[in-house]
2 protein chains.
Amino acid sequence: MANPSIKEVAQRAGVSVGTVSNVLNRPWIVAPRTRQRVQDTIRELGFVRNEAARHLRAGRSRTVGLVVLDVANPFFIDVARGAEALADEHDTMVVLCNSDGDPHREGRHLDQLEQQRVMGILITPVRTDSPRLRSLVARGTPVVLVDRAAAHGGRCSVSVDDRLGGRLAGTHLVERGHRRIAFVGGPLSIQQVADRLAGVTAAVEEAGGVSLETLEMPTLSVAAGRAAGERIAALPDASRPTAVFCGNDLLALGFLQAMAAQGLRVPHDMAIVGYDDIDFAAAAAVPLSSVRQPRELLGRTAMELLQEEVEDPGAHRHRQVIFQPDLVVRESSDLTRAD
Amino acid sequence: MANPSIKEVAQRAGVSVGTVSNVLNRPWIVAPRTRQRVQDTIRELGFVRNEAARHLRAGRSRTVGLVVLDVANPFFIDVARGAEALADEHDTMVVLCNSDGDPHREGRHLDQLEQQRVMGILITPVRTDSPRLRSLVARGTPVVLVDRAAAHGGRCSVSVDDRLGGRLAGTHLVERGHRRIAFVGGPLSIQQVADRLAGVTAAVEEAGGVSLETLEMPTLSVAAGRAAGERIAALPDASRPTAVFCGNDLLALGFLQAMAAQGLRVPHDMAIVGYDDIDFAAAAAVPLSSVRQPRELLGRTAMELLQEEVEDPGAHRHRQVIFQPDLVVRESSDLTRAD
DNA sequence: CCGTGCTACTGAGACGTTTCAATTCGATGG
DNA sequence: CCATCGAATTGAAACGTCTCAGTAGCACGG
């Protein structure tokens with residue numbers, strides 16, 4: 001009635017369970033006649049392998065967990081696509097988990113994934129070095145950090161040079177003549193955000209005579225960007241920055257909306273540079289300048305490192321891959337393109 | 001060394017495996033002293049439950065599969081969030097799978113999910129009634145259709161009245177005086193798209209004296225929308241439609257970009273109405289009018305129906321829940337709001 | 001006809017958990 | 001002191017698969 005097992009297939013086909021298993025896993029060692037008979041029976045009975053049993057037997061599953069900070073951010077979706085593309089080639093499944101920037105949620109997902117004995121975990125952690133993550137690794141689950149460099153050599157990581165990204169944005173704005181710049185970021189406890197700030201700070205300091213003020217928002221969302229925009233728009237003209245560098249594109253989009261709502265023109269009254277260069281950045285009210293990251297490549301490379309580690313843990317040496325971002329200048333920070 | 005099992009915990013704590021299992025699952029029946037001792041041992045050894053074994057024993061997993069047409073579409077991400085919110089309350093995990101509109105990919109995901117013996121599957125199927133899905137149900141995996149009404153009473157479904165949505169958009173454009181309207185849609189094999197077209201068609205026919213032309217694109221993506229926009233922009237002024245209704249917001253955003261690139265003003269030269277009202281619609285170059293669907297509620301309700309079915313299959317009666325969409329008018333179709 | 005070597009197949013054991021009937025152990029009451 | 005009872009604990013079976021040592025059968029050469 002319910003799902004037939006390998007045993008029932010064996011019985012019906014008149015062979016042993018071992019033979020059915022062989023048909024499934026190493027068909028070439030089974031005589032063609034037998035193989036055919038078993039395959040027919042499988043179809044007839046509608047037999048479906050029980051992954052849980054395989055998994056229990058094998059000790060490890062064929063699943064990889066991917067824990068991201070925000071599924072609503074298309075940046076992470078692209079990272080996931082990259083990871084999944086490679087996973088497909090390895091007959092592996094990717095489970096996407098959303099921590100939403102909450103360490104507690106992150107912990108819950110890690111628990112679940114560890115209980116599932118996943119092959120490994122790709123994660124953009126909420127905090128840099130949680131003990132939870134450390135114990136995970138200690139107990140034998142390979143972890144690859146995504147979009148964040150590993151502090152120690154204890155694990156692999158794939159990241160983008162966020163300091164450089166911040167510097168690119170800062171230098172660009174300084175070169176366009178801005179002397180009052182604001183940085184709108186998410187919580188500085190997120191390493192990427194802190195690094196981007198450090199980058200823009202360095203660029204500004206080198207330039208000299210340029211002020212940089214920081215607005216730390218609780219999240220990296222469109223709503224937070226809108227709130228930040230409203231606060232900045234409320235400043236008197238004289239003290240209001242003329243350019244803003246946002247910690248990611250969601251913030252930038254929100255900020256842009258606020259500018260429109262408050263009647264400030266972009267880029268005339270306010271230049272904006274975002275981060276990530278998500279697809280929607282180019283489609284915004286005013287096309288957004290943004291620091292581009294190789295999103296899919298990030299995910300794909302992380303999965304590559306993980307597969308490498310899983311396939312030969314002995315030979316594997318942890319590596320820190322760091323990509324370079326580049327700046328895409330569009331209308332939001334370029335007066336020459338504006339009407 | 002490796003992950004300790006319940007057996008090693010039992011040994012170390014000087015109890016039987018049954019007792020450890022009881023501490024884990026029904027702690028109240030274990031004497032406090034023993035319970036404490038076992039819990040200490042668990043912590044000491046870093047014991048982590050093996051979900052595969054539980055699952056094998058239990059016969060079914062605590063996971064639900066959610067198969068969507070396009071993860072890059074924020075609409076489905078919101079649906080997923082709604083589903084996950086409820087899943088959390090039931091201590092259930094959601095696995096998000098992306099069919100990308102490809103029946104083959106969809107089939108692969110369904111195979112994987114069935115092998116995992118998931119509790120159930122929430123799916124926006126590529127085609128209306130695939131045999132693959134039917135056999136899944138026949139073999140005992142509960143399926144709830146999402147964003148699509150079930151043709152027969154054989155399963156639950158949660159959907160939005162797409163015909164009504166199309167009608168709202170059509171009526172709106174007709175009322176604004178448009179007499180040449182275009183529908184830009186994804187493949188009409190997708191039921192939602194066909195229904196939206198049917199709705200707008202009905203609205204146009206009722207109005208009389210209004211022409212509707214259809215442009216069927218291969219996908220519901222920003223790129224496809226851009227391509228559609230370029231084709232329509234290339235038409236001579238006299239025969240070019242003055243308004244377009246796009247099958248979803250991604251198409252609409254792409255279409256909007258093409259208008260800007262070709263020098264056509266929105267809404268003056270071309271009015272645009274999208275579908276889904278994703279968050280980015282409001283942040284577009286010209287804020288998009290769009291037909292809004294209760295995205296999270298869609299996911300949450302689907303999960304509710306599934307849980308209901310799983311918890312008491314006997315008492316469960318399949319239901320078709322249908323929500324009403326509504327139209328959000330913004331600048332892209334409203335001359336009075338444009339500068 | 002026997003030994004050898006091969007191919008094809010068999011069957012038991014193990015993976016880690018849950019469950020449940022069976023057992024042990026004290027305490028209580030007669 | 002024995003019978004009884006309840007609480008606490010035990011131990012084995014079962015879930016479905018894979019693996020591996022073993023067996024059967026056959027062909028071939030000597």
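Proteins get letters first, then strands, A, B, ... in listed order; numbering begins at 1 in each.
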Nucleotide-resolved protein contact map, nucleotides 13-26 of chain D, B/S/- at heavy-atom distance under 4.0 Å: -BBBBBB-------
Non-neighbouring partners of [X] that pass side-chain hydrogen bond (donor to acceptor under 3.5 Å, both in side chains), sequence neighbours left out:
X: B:Q11; answer: none
X: A:Q192; answer: A:D147, A:R148
X: B:Q116; answer: none

Side-chain donor-acceptor pairs of residues 298-305 of chain B under 3.5 Å, sequence neighbours excluded:
residue, atom, partner, partner atom, Å
B:R300, NH2, B:E89, OE2, 3.0
B:T301, OG1, B:L297, O, 2.6

Interatomic distance where CZ belongs to A:R37 and C1' belongs to C:dA8 [whole Å]: 12 Å
Spacing of CG belonging to A:L96 relative to CD belonging to B:E84, to within rounding of 0.5 Å: 8.5 Å
Quick one: list whatever passes salt bridge (charged side-chain N to carboxylate O under 4.0 Å, His left out) with [X], sequence neighbours left out.
X: B:D111; value: B:R132
X: A:D91; value: A:R62
X: A:D40; value: none

B:S16 side chain near D:dG11 phosphate (N/O to OP1/OP2, under 4.0 Å): no
Any B:T19 side-chain N or O less than 4.0 Å from OP1/OP2 of D:dT10: yes
Between the protein and nucleotides 23-25 of chain C, list the N/O to N/O atom pairs that are separated by less than 3.5 angstrom.
none

Residues 15-25 of chain A, side-chain donor-acceptor partners within the protein, below 3.5 Å, at least two apart:
residue, atom, partner, partner atom, Å
A:S16, OG, A:G18, N, 3.4
A:S16, OG, A:T19, N, 3.4
A:S16, OG, A:T19, OG1, 3.4
A:S21, OG, A:N25, ND2, 3.3
A:N22, OD1, A:R26, NH1, 3.0
A:N22, ND2, A:G18, O, 3.4
A:N25, OD1, A:R49, NH2, 2.6
A:N25, ND2, A:S21, O, 2.9

Those residues that, when tested against B:H316, pass ring-ring contact (aromatic ring centres under 6.0 Å, His included) (two or more places apart): B:H318
Pull out every protein N or O sitting under 3.5 Å from an N or O of nucleotides 4-8 of chain D, one pair per line with the distance.
none

